[in-house]
Amino acid sequence: DAKTTQPPSMDCAEGRAANLPCNHSTISGNEYVYWYRQIHSQGPQYIIHGLKNNETNEMASLIITEDRKSSTLILPHATLRDTAVYYCIVRVAGETSGSRLTFGEGTQLTVNP
Amino acid sequence: NAGVMQNPRHLVRRRGQEARLRCSPMKGHSHVYWYRQLPEEGLKFMVYLQKENIIDESGMPKERFSAEFPKEGPSILRIQQVVRGDSAAYFCASSQGWDQPQHFGDGTRLSIL
């Protein structure tokens, strides 16, 4: 799986948009970009995923650059409950090799009042 | 809708005992994954199972660890003759298919005395 690089920490003011970057410069054509978050002591929570196109759901938006070498997760109106570690994961599309998620260090997002 | 259910939430064992961790996937999900999070470390993939089959166990320690997902009932992660180094949070995830997002439970915290 391609390696991802994320900043170790970020701060965001409550009510503002949180933009979390991720570099995945060695991504292959059949690899998806997934985002999860882990709030302290809880299990990881799926947020969103995409292959080429930008994606949006009720939680967030995912912007993938045209060359697919980087992406940005956008939380449009961050709340204190969004404070968590956010993981950007590149996942190959394959029944066996694509089964595992490889978690890196992630970005600790702290939303401040 | 019930999410992924793991029990027990906390498990204490003495060295040399056996630990059994249970995971009931989300309704309609037939794919189960186990991950381990050691203290101050990231989540690491252990094993991927479908009903009655182990698909990928590349992350499982070679000895003392086993997993099953029987036709009926929850998936079980079994650790025999536990040692202090087995102390960790064990997370289970499930999905509808190998290419679908994995949804996690809140984990079992295993402590070895």
Polar side chain donor-acceptor pair, A:Asn30 to A:Ser28, under 3.5 angstrom: no
Has A:Thr4 got a side-chain atom pairing as donor or acceptor with A:Asn23's backbone, closer than 3.5 angstrom? no
For A:Tyr86 and A:Arg37, does a side-chain donor sit closer than 3.5 Å to a side-chain acceptor? yes
Cut-off 4.5 Å, heavy atoms of chain A, and the answer for B:Glu57 is neither
Apart from B:Phe69 itself, residues in the same hydrophobic cluster as defined by side-chain heavy atoms under 4.5 Å: B:Leu11, B:Leu21, B:Val32, B:Trp34, B:Met46, B:Val47, B:Leu49, B:Ile54, B:Met60, B:Phe65, B:Leu77, B:Ile79, B:Val82, B:Tyr90, B:Leu110, B:Ile112
Within residues 69-98 of chain B or reaching into it, pairs that qualify as salt bridge (charged side-chain N to carboxylate O under 4.0 Å, His left out) - sequence neighbours excluded: B:Glu18-B:Arg78, B:Arg64-B:Asp86
Between B:Asp106 and chain A, with a heavy-atom cut-off of 4.5 Å, which part of the residue counts as in contact: side chain, backbone, both or neither? both
Chain A contact via B:Gln6 - which portion, at a heavy-atom distance below 4.5 Å: neither
Do any of residues 45-71 of chain A have a heavy atom less than 4.5 Å from a heavy atom of chain B, and if so, which, in residue order? A:Tyr46, A:His49
Below 4.5 Å from any heavy atom of chain B, which atoms of A:Glu105 appear? Answer side chain, backbone, both or neither. neither
With only heavy atoms counted, which part of B:Ser95 is less than 4.5 Å from chain A, the side chain, the backbone, both or neither? neither
By side chain to side chain contact (heavy atoms under 4.5 Å, CB included), B:Ser24 pairs with (sequence neighbours left out) B:Met5, B:Pro74
Looking only at the aromatic ring of each residue, does the gap between the centers of B:Tyr35 and B:Phe45 stay below 6.0 angstrom? yes
Whether the side chain of B:Glu41 engages the backbone of B:Leu38 through a donor-acceptor N/O pair (distance < 3.5 Å, no angle test) should be reported. no
